[in-house]
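Lettering follows sequence order; numbering is per chain, from 1.
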Number of protein chains: 2
Amino acid sequence: MRLLIDTLGADKGAEEIVKGCVEAYDVKPYEMILVGDPDQIMGAIPEGFKGKPDLRIIETKDYIENTDEPALAIRRRKEASMVMGFRALKAGEADGMLSAGSTGALLAGGTLIIGRIPKVERAALTIISPGVDKPTIVLDVGANMDCTPNLLRQFALMGSIYAKSVFHVDRPKVGLLNIGAEKGKGNQLTKEAYDLLEQAQIQFVGNVEPRDILTTDAHVVVCDGFAGNVLLKSMEGTAQVMLGLLKDAIYSSTRAKLGGILVKPALSGLKQKLDYREYGAAPLLGTKQPVFKAHGSSDHIAIRNGLLAMMRFIEGDVLTEITTQMGGESDERTENS
Amino acid sequence: MRLLIDTLGADKGAEEIVKGCVEAYDVKPYEMILVGDPDQIMGAIPEGFKGKPDLRIIETKDYIENTDEPALAIRRRKEASMVMGFRALKAGEADGMLSAGSTGALLAGGTLIIGRIPKVERAALTIISPGVDKPTIVLDVGANMDCTPNLLRQFALMGSIYAKSVFHVDRPKVGLLNIGAEKGKGNQLTKEAYDLLEQAQIQFVGNVEPRDILTTDAHVVVCDGFAGNVLLKSMEGTAQVMLGLLKDAIYSSTRAKLGGILVKPALSGLKQKLDYREYGAAPLLGTKQPVFKAHGSSDHIAIRNGLLAMMRFIEGDVLTEITTQMGGESDERTENS
């Protein structure tokens with residue numbers, strides 16, 4: 001398997017990305033195509049790895065920043081690492097690409113360079129939310145701000161196919177993010193989407209409330225990109241603040257410090273349970289070739305796990321099944337957006 | 001001051017509500033008008049309080065449930081506690097009303113029975129979100145699912161006036177809930193609302209991202225009711241799951257249990273910092289008379305604090321200032337929705 005990894009534009013720098021790539025290789029070897037600054041890359045590659053024929057570097061020092069206008073940058077910055085990565089992927093030089101760089105640029109490049117699967121109206125950004133008993137795939141979490149009900153239906157179909165490969169279940173449970181459990185609750189979008197989801201070729205389990213995302217038995221939850229991003233970011237923010245306060249509390253007195261030492265092994269289980277790094281990265285669903293987004297602040301563990309997740313995605317041939325299933329959609333329906 | 005309290009329809013039952021009412025009275029005496037089952041109420045009233053002339057009961061055993069269709073129930077269920085409370089408030093028998101019952105019914109009754117302040121297009125449900133350094137008022141958190149940009153502008157004006165009374169600041173900072181910090185981010189609604197908020201008579205501080213709600217220096221954050229409810233409920237859900245996992249972790253071994261005992265006093269500070277009960281209840285902003293919503297699962301502490309918050313709201317004459325300020329709005333603007 002040939003995997004392209006964009007080593008630039010991530011918060012923690014190229015070294016962390018490369019470290020994760022090597023760790024993934026140690027679990028499961030693959031052809032590693034790293035896009036970025038050769039000095040940075042080679043500085044991070046362990047000695048024993050340097051001579052391997054499995055390593056290739058696409059050289060560039062330019063990258064797209066979060067402040068750049070995504071579509072413009074994708075069109076004009078031919079030397080940017082993400083653009084060079086996308087072009088190599090498009091040219092068939094790799095089986096998938098992963099980046100921890102600008103989300104906006106990844107979405108723009110996914111659509112403008114790689115292109116969407118026929119009849120897929122929009123590609124969706126997915127995330128695998130950790131959960132108490134099992135994780136849940138949530139989409140869209142930020143690619144499409146204003147959605148139609150039919151778009152949510154397409155996200156549900158694609159999410160359901162993706163969930164089969166992640167959870168190894170035949171009929172994944174698909175829910176609709178909504179602010180009440182009963183049918184008829186929500187805004188215009190969720191009310192209309194509910195009706196479409198009831199008729200769709202999925203196991204629709206109704207509304208899932210935002211407070212239940214970490215405990216729901218749904219494998220997939222669909223929403224528009226604005227609501228999905230609010231959901232994701234408020235969960236992240238709350239968890240981060242709580243862990244910070246917990247740390248402060250434990251360092252607040254000698255007594256608490258001692259208690260902290262005793263509690264620590266148990267607490268690491270808690271952190272692990274809610275660790276976004278377990279799945280590391282998630283696909284932009286709906287593009288013709290696999291494009292994975294890792295969190296901007298990913299460390300080597302997240303990158304390693306993200307690459308392993310992408311390998312399973314490629315092996316599971318998720319995009320072929322999406323292409324087949326979306327191909328069966330009547331034109332009338334896909335145009336009814 | 002005369003306060004109406006709906007004792008029915010709350011998760012923890014009338015006893016908890018009445019207990020909170022008495023505790024608020026002990027902090028700051030008021031005329032207590034309790035709507036509900038006299039047996040339940042008198043059973044919860046302490047002996048020493050029973051003869052007080054400050055206590056009045058409006059007798060009923062019927063109440064609106066969360067599963068009832070709100071507007072229909074408000075119109076038809078004349079004997080429901082919330083409806084009887086609203087009618088007494090409307091008749092001038094009290095200065096404000098608080099309920100921990102059905103949110104939908106409270107919204108419907110606020111509009112249908114009490115009515116909106118002239119030129120206020122919609123009343124908004126507010127919440128005071130706890131924060132690391134200071135709390136933040138968020139509105140709308142569930143009253144208005146689909147909002148126009150102008151509606152968000154009105155929420156900002158009302159929220160800013162309310163914030164003055166809560167935080168005792170002259171020019172409260174008002175932010176817009178959005179999925180990016182920069183102008184130009186977000187969906188159609190937030191993009192257009194941003195422009196209107198820049199021109200509004202408030203101290204607009206730009207976008208506030210969902211992950212920063214617990215740490216933002218904004219006093220007020222505005223959003224549509226769907227996004228606000230997703231924000232609120234995902235924060236609640238995450239905090240609840242984390243506290244649960246923390247508890248499980250501490251009970252997972254003898255070592256951790258011992259540590260837990262040592263850490264406990266420090267942890268209670270953490271819980272308190274994120275305790276929704278500190279403000280207890282928040283107003284439905286935009287109705288002609290004060291209507292406060294307490295969380296359905298409120299305990300006596302939340303009810304006590306909610307009543308004290310309502311007293312400050314009434315004393316601060318927040319609604320008169322909203323009426324004055326909204327009265328200054330040109331008709332063109334309020335109709336441009």
A.B. asks: Give me the contact list for residues 240-247 of chain A versus chain B, heavy atoms only, anything under 4.5 Å, ordered by residue number.
C.D. replies: A:Gln240, A:Val241, A:Met242, A:Leu243, A:Leu245, A:Leu246
A.B. asks: So which of B:Thr67, B:Asn229, B:Leu177 has the largest heavy-atom pair count under 4.5 angstrom toward chain A?
C.D. replies: B:Asn229
A.B. asks: Output the option from B:Gly237, B:Pro210, B:Gly104 having the highest count of non-hydrogen pairs under 4.5 Å with chain A.
C.D. replies: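 Highest number of pairs under 4.5 Å: B:Pro210.
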A.B. asks: Counting only non-hydrogen atoms closer than 4.5 Å, can you tell me which residues of residues 186-195 of chain B sit against chain A?
C.D. replies: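 Listed by number: B:Gly186, B:Asn187, B:Gln188, B:Thr190.
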A.B. asks: What part of A:Asn144 gets within 4.5 angstrom of chain B, counting heavy atoms only: side chain, backbone, both, or neither?
C.D. replies: neither
A.B. asks: Check whether any side-chain heavy atom of B:Ile179 sits under 4.5 Å from a side-chain heavy atom of A:Met145, and report yes or no.
C.D. replies: yes
A.B. asks: Measuring from B:Arg255:CZ to A:Ile261:CD1, what's the distance to the nearest 0.5 Å?
C.D. replies: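 Taking CZ in B:Arg255 and CD1 in A:Ile261, the distance rounds to 8.5 Å.
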A.B. asks: Of all residues at least two apart in sequence or in a different chain, which pass the salt bridge (charged side-chain N to carboxylate O under 4.0 Å, His left out) check with A:Arg122?
C.D. replies: none
A.B. asks: Between A:Ser253 and chain B, which part of the residue has a heavy atom less than 4.5 Å away: side chain, backbone, both or neither?
C.D. replies: neither
A.B. asks: Can you confirm whether A:Phe226 is buried at CZ, in the sense that more than 12 heavy atoms of other residues, nucleotides or ligands lie under 6.0 Å from that atom?
C.D. replies: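 Yes.
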A.B. asks: For chain A, find which of B:Asp248, B:Leu232, B:Asn178 contributes the most heavy-atom pairs closer than 4.5 angstrom.
C.D. replies: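 Sorted descending by pairs with chain A, the first entry is B:Asn178.
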A.B. asks: Can you pull the salt bridge (charged side-chain N to carboxylate O under 4.0 Å, His left out) pairs that have at least one residue in residues 207-218 of chain B, sequence neighbours excluded?
C.D. replies: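 Pairs touching residues 207-218 of chain B that pass the test: A:Glu236-B:Arg211, B:Lys173-B:Asp217.
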A.B. asks: Taking all heavy atoms of A:Thr238 and all of B:Leu214, pick out the closest pair and write down the distance.
C.D. replies: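 For A:Thr238 versus B:Leu214, the nearest heavy atoms are CA-CD1, 4.0 Å.
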